[in-house]
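Note sheet for the following structure.
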Amino acid sequence: MKKDEMMQFKSMVIFNDQISPGYCKIRLTAPREIVQSRPGQFVMVRVYDGIDPLLRRPFGIYDLGVFEPEYPNMPKQHYLEILYKIVGRGTGILQSLHHNDYLDILGPLGNGFTMGNEDDEKILVGGGFGLAPLYFLAKRLVSVSNVKVFIGGRKKEDILCVTEFERLGIDTYVATDDGTLGSMGLVTEVLEKYLSDGGKRRTIFACGPGPMLKSTAAIAELHGISCQVSLESNMACGVGACLGCVTKGSSHTEEKPDYRCVCKDGPVFDSRQILWG
Amino acid sequence: MKKDEMMQFKSMVIFNDQISPGYCKIRLTAPREIVQSRPGQFVMVRVYDGIDPLLRRPFGIYDLGVFEPEYPNMPKQHYLEILYKIVGRGTGILQSLHHNDYLDILGPLGNGFTMGNEDDEKILVGGGFGLAPLYFLAKRLVSVSNVKVFIGGRKKEDILCVTEFERLGIDTYVATDDGTLGSMGLVTEVLEKYLSDGGKRRTIFACGPGPMLKSTAAIAELHGISCQVSLESNMACGVGACLGCVTKGSSHTEEKPDYRCVCKDGPVFDSRQILWG
Amino acid sequence: MKKPDLTVEIAGIKMRNPVMTASGTFGYGEEYSSYLNLERLGAIVTKGLSLSPKAGNPMPRIVETPGGMLNAIGLQNVGIEAFIENKIPFLRTVDTPVIVNFFGNTEDEYAEMAERLDKIPEVSGLEMNISCPNVKQGGIAFGSKPDNAYSVVKAVRESTIKPIIVKLSPNVTDIVEMAHACAEAEADGLSLINTLTGMAIDLQKRKPVLANITGGLSGPAIKPIALRMVWQVSRAVDLPIIGIGGIGTATDALEFMLAGASAVQVGTANFISPGIAEKIVHDMERYLVENRISAVRELVGALEIQ
Amino acid sequence: MKKPDLTVEIAGIKMRNPVMTASGTFGYGEEYSSYLNLERLGAIVTKGLSLSPKAGNPMPRIVETPGGMLNAIGLQNVGIEAFIENKIPFLRTVDTPVIVNFFGNTEDEYAEMAERLDKIPEVSGLEMNISCPNVKQGGIAFGSKPDNAYSVVKAVRESTIKPIIVKLSPNVTDIVEMAHACAEAEADGLSLINTLTGMAIDLQKRKPVLANITGGLSGPAIKPIALRMVWQVSRAVDLPIIGIGGIGTATDALEFMLAGASAVQVGTANFISPGIAEKIVHDMERYLVENRISAVRELVGALEIQ
Ligand SMILES: Cc1cc2nc3c(=O)[nH]c(=O)nc-3n(C[C@H](O)[C@H](O)[C@H](O)COP(=O)(O)OP(=O)(O)OC[C@H]3O[C@@H](n4cnc5c(N)ncnc54)[C@H](O)[C@@H]3O)c2cc1C
Ligand SMILES: Cc1cc2nc3c(=O)[nH]c(=O)nc-3n(C[C@H](O)[C@H](O)[C@H](O)COP(=O)(O)OP(=O)(O)OC[C@H]3O[C@@H](n4cnc5c(N)ncnc54)[C@H](O)[C@@H]3O)c2cc1C
Ligand SMILES: Cc1cc2nc3c(=O)[nH]c(=O)nc-3n(C[C@H](O)[C@H](O)[C@H](O)COP(=O)(O)O)c2cc1C
Ligand SMILES: Cc1cc2nc3c(=O)[nH]c(=O)nc-3n(C[C@H](O)[C@H](O)[C@H](O)COP(=O)(O)O)c2cc1C
Ligand code: FES
Ligand code: FES
């Protein structure tokens, strides 16, 4: 999908289920063109047809698909899935939606991940709902590349998608702060250990909380591995018009500022393009 | 129910059906105390748990009842019904509610109709959703008094509750502006003709659009019949605190103003207490 | 942990907690007495009173706007005499400080009101509404020029020994300047904000919705403006502040306190949930417990700015 | 009935309809070109430009508030040079008037900007944002004192023959006084309103949400204030007015026109529905048809006050 072909569409809820305490997965109908979305791109969702909440909420694309029509002569229906954490008003309303309810969606937006060399080992690093775009990415990568995924979180409940990754035949490495799942500690420590063999050509793809991204970027730098990170920011427009979502680029100084729009220039950036605060 | 015993309660939607184009009836669970509501009282409904819309919307009580529990050992459930016209944002959202959705309700509020002498013939005059409180009133009156109801509206679709009144064994007189139901013209003309026999002792109860009330009040005055009218007004609080809903009382002058709260002093007033603008 | 301390003292008025009801949104207290326990409130602020009864504006007087409402009640009130006769007896039975909101058309009227109120033992404090047009100054509000504000507050100061809280209008270029004028005139505290002037139009009728054409905007919509003004004034002026504007939750209330308010008033939210003021007190207490804060006072002005 | 006439002329700029996009909410036009037909708009107003590129404020820059949003973008822009080089080529291909919003830190900067813009044929008009702090006057906004406004508008007037539209700040006691000052300085039109200054606080972090502490409030929440100001100014000052503030539907737009606006700008609503400006044009046309109004101009100031 070319950038010029972003869409605004009405979408119907197919299902909307809790997948772990505080996390839900929602499947939404989408026009056929949605198939051109790339992993790492996101959509802006309007959860209420009114002013409360007022602004759209950004969510990464977790999965795409087609489901077979109920009656023989109906056309196939494309869908997209979002995996979301309930944090506030917008996600709270999202959670209350039922099958057959409608939503207004804008997207796909932003730049996705660059897949890179097929022969590279692909290292996915994520936490919380950061797993959402990584799962979509993994599905695309797994047929051509060797993929490993590193998942971190505070406690067991925050570790999402392990089964889904395993179903793709991908090795998962899990770490939790409290040791309730996988090894105890930070997932970046597990990553560090894994990478210590040196050797292979690798690419890292990371999405998750800021500190996790920062530390992943540092590890990548250290090992000379190319690393793409998907960032988050408060957003209003999602299309580069409001300049509300910027992050500092690597050449940023007080005198010669270098601000990049997370929505339009990102949300995926090469980790070396970012000034890590 | 004493005035002091108004309630705020969460209520579940039992059903919510269109009864005529643009008009719906909604049945809502209510605490047991609701049985003490009097015809003419109203409730303030919060249709959305947020700020859009912000204020509650007032609706007259259309009916009360109890439905038998689904399972033998469950307690009986009281309910109230509202009959509403879809006019804007709040009623639009109300219409979209389904069985099992929740609403927040305040009430019953205001003063209801005074039933008056049992021997009087009771003349009910209404239009549009003004029929709602009149139906509740009729149910109470019909067992002890002779009741007639006069229903007016622009066209057939605006004539509500005819079957319901007939089911109570009440004679209905219908008039529409365009003659699509009943006689063509104003319902107050039909009323005028009906009253021309003089004779009987009567009381009039009216609820509907301003001009209908004004003209009914004038007719009552002419025939020396006592007349109670239920008024409408923009409301914020519904309890007499904001002074937003006032109407001019009969003794109102620029110098010595006489404002009455529709919510607390009404919504039902003796027609002679009102200054008809 | 023991129960957190919710008490505050504003302008010498001791309150069991910082949550009051805003003038004009809570009648004279009695209207809401069946919905909440008035003795759980920090204080009750009455509908604005004047020397003689005031009729108020013609209808319609209110209209909902996005996230807020406009009102043009026109300060309808029973007048000081009827207040003493009919409202005080009820308020006397409630063990909660009563703050009387009042206004006048001239400085003399303000002063006379203050003198009258000074003599009522049930009145714990005076809240001066200075958003009203000054008839002698061609209708320019007392609250829109620092000089006018100074002189009317001064006149009131000389007429009462009760605490004077001046309620500021947000319809000004520089709210800090207004606050300074009140401080100089020896006010004991400031309430902010009153409503912002707004308007609503009915497209089909081609008419203003309100009979008065314009009205005062209140509700959640104005909260960011109110917070900003409280923050600006609290940094600049050494008077206790009562934060008002769109408060509907304990979170809202505590945000105003972080910004520098020593107490808050709940206005429009009363209309939506009659028991809301009491719920805010309850939730505030829970917040303090959960965050191990021993006294709500600790939060006043505790906003961290780097 | 034949198609209604939607054309308007503001400050000498002919537009096919009264619906423009507001500065800072529509980028430089291109950002939204895939969502709507830019040639269905009355005019495009660019992000505010300055002489040299401006970095803007640190993050976070935006936060949602009840019925609105606060922004503290800090006027980040590419600067006039980059605008000419990188943005004009695209805008040249679009057959819609371009109005350049601009600002400066000093009167001289304003004048220099006007001189530069005067020479760009693709620029149909200039919209002066005077809400910015005047560095020489100790940071008090040009837009908050009539004298300052007069003198900066005068300076711009002397630097260009293109239409000058002055965009007024609502953070003032008397908007009419500001409008008069601009009229006297020979502005050709007025845009109102810019954002109201507000603030949001994060209770858990005990910090302002915005890095800049305060920000500008926009969106539906401010509509009643904007309508009131448009109405006040249109009755008092004989300049065409562009109404701005919370417009999201054709009804909103037409209400502003009844209040006295000859055209409108759509801001925050673009973020919510990228195609909204075009939809407003469409719905406005339908409204005129349904109500048998032959030209939208007939509605300007047609509010009936009894
Ligand atoms: C490009 C992008 C992709 C995203 N993808 C996903 C996803 O796949 N799944 C998912 O669950 N979430 C995702 N998010 C985050 C999601 O947008 C926010 O969680 C959501 O907007 C919160 O909305 P709310 O109304 O529920 O919370 P609000 O009521 O707006 O806020 C509640 C709390 O959450 C915080 N918050 C609000 N917005 C954000 C934000 N953007 N980031 C962090 N904290 C925030 C607020 O500060 C506040 O404390 C993504 C964000 C971006 C920018
Ligand atoms: C005491 C009382 C009892 C009522 N009982 C009923 C009832 O039983 N059934 C019923 O359907 N309605 C009843 N109403 C009217 C009902 O409250 C309004 O129709 C409703 O509030 C409209 O809400 P909305 O959000 O849909 O419309 P809004 O979006 O608020 O307004 C849409 C349009 O309706 C008009 N409008 C808004 N409120 C009123 C009002 N109160 N009266 C007339 N026009 C209004 C507006 O001016 C606007 O043009 C009653 C009103 C009162 C005061
Ligand atoms: C219906 C209504 C009537 C009001 N009357 C008065 C009044 O008499 N005196 C006064 O100082 N403020 C009055 N106010 C302003 C409120 O006290 C309060 O300052 C304002 O509504 C903002 O708070 P809120 O957003 O919580 O409502 C009134 C507000 C409303 C909504
Ligand atoms: C993100 C954002 C950026 C803005 N940038 C500018 C600007 O550069 N110059 C300007 O004059 N106004 C700017 N504004 C103000 C808008 O043009 C408009 O006046 C204001 O948002 C009110 O309209 P609305 O409620 O429709 O958004 C900006 C507003 C927003 C929300
Ligand atoms: S969200 Fe508006 S520029 Fe990125
Ligand atoms: S609605 Fe508030 S006094 Fe009647």
Side-chain angles (χ1 to χ4, degrees), chain B residues 1-10 44-58 87-90 104-107 109 210 231-249 251-264 275 277, chain C residues 21-36 46-48 52-78 200 209-211 215 218-221 223 246 248-249 267-276 279:
Chain B
M1 176 170 286
K2 291 213 315 285
K3 264 233 177 139
D4 309 330
E5 291 166 21
M6 300 167 285
M7 303 170 287
Q8 183 177 349
F9 57 90
K10 282 259 173 272
M44 295 281 281
V45 179
R46 189 172 183 196
V47 299
Y48 183 67
D49 182 24
I51 63 159
D52 179 19
L54 181 70
L55 299 173
R56 290 172 182 270
R57 301 292 192 253
V87 299
R89 180 119 192 98
D104 180 319
I105 296 189
L106 194 68
L109 299 165
L231 299 186
E232 260 193 69
S233 179
N234 287 2
M235 290 188 177
C237 71
V239 301
C242 74
L243 305 180
C245 67
V246 298
T247 193
K248 288 175 186 158
S251 78
H252 183 91
T253 59
E254 280 303 305
E255 300 73 41
K256 236 181 147 293
D258 167 22
Y259 279 123
R260 319 269 178 102
C261 282
V262 172
C263 68
K264 204 184 167 191
L275 186 69
Chain C
T21 52
S23 176
T25 67
F26 206 69
Y28 300 96
E30 199 165 357
E31 289 82 349
Y32 281 103
S33 56
S34 63
Y35 288 101
L36 42 63
T46 67
K47 174 73 194 154
S52 31
K54 208 163 175 281
N57 290 324
M59 299 87 62
R61 292 176 167 190
I62 51 174
V63 59
E64 181 164 330
T65 65
M69 63 177 280
L70 290 171
N71 88 77
I73 308 301
L75 297 168
Q76 175 179 343
N77 78 90
V78 298
V209 176
L210 299 177
S218 65
K223 186 186 142 194
T249 65
T268 303
N270 293 311
F271 304 153
I272 300 155
S273 296
I276 196 70
K279 184 172 183 328

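Protein chains get the first letters and strands the later ones, always in sequence-line order, with residue 1 at the start of each. These values consider heavy atoms only, across backbone and side chains, with no hydrogens, waters or symmetry-generated copies.
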**Gap separating the CG atom of B:Leu54 from the OG1 atom of C:Thr65, nearest 0.5 angstrom** = 8.0 Å
**Prompt:** Of the listed residues (B:Leu55, B:Ile51, B:Asp104), which shares the most heavy-atom pairs with chain C below a 4.5 Å separation?
**Reply:** B:Leu55
**Asked** For C:Pro66, is it the side chain, the backbone, both or neither that has a heavy atom under 4.5 Å from a heavy atom of chain B?
**Response** neither
**Prompt:** Taking C:Pro60, C:Pro274, C:Gly29 one by one, which has the highest count of heavy-atom pairs under 4.5 Å against chain B?
**Reply:** C:Pro274
**Contact class of B:Met44 relative to chain C, heavy atoms under 4.5 angstrom** = neither
**Asked** Which of the residues C:Gly275, C:Ser33, C:Ser273, C:Gly248 is involved in the greatest number of heavy-atom pairs with chain B at under 4.5 angstrom?
**Response** C:Ser273
**Prompt:** Shortest non-hydrogen contact from C:Met59 to B:Tyr259?
**Reply:** SD-CE2, 3.7 Å
**Message:** Show every side chain to side chain donor-acceptor pair (under 3.5 Å) that has at least one partner inside residues 53-62 of chain C, sequence neighbours left out.
**Reply:** C:Arg61-C:Gln76
**B:Leu106, part contacting chain C, at a heavy-atom distance under 4.5 Å** = side chain
**Request:** Please report the shortest heavy-atom distance between C:Phe271 and B:Cys237, naming the atom on each side.
**Result:** CD2-CB, 3.4 Å
**Item:** side chain to side chain donor-acceptor pair (under 3.5 Å) partners for B:Arg57, two or more places apart
**Value:** C:Glu64
**Request:** Measure the spacing between SG of B:Cys242 and CD1 of C:Ile73 and express it to the nearest 0.5 Å.
**Result:** 5.5 Å
**Prompt:** Heavy-atom distance under 4.5 Å to chain B: side chain of C:Tyr28, backbone, both or neither?
**Reply:** neither
**Message:** Quick check for you: among B:Asp258, B:Thr247, B:Asn234, which has the greatest number of heavy-atom pairs under 4.5 Å with chain C?
**Reply:** B:Asn234
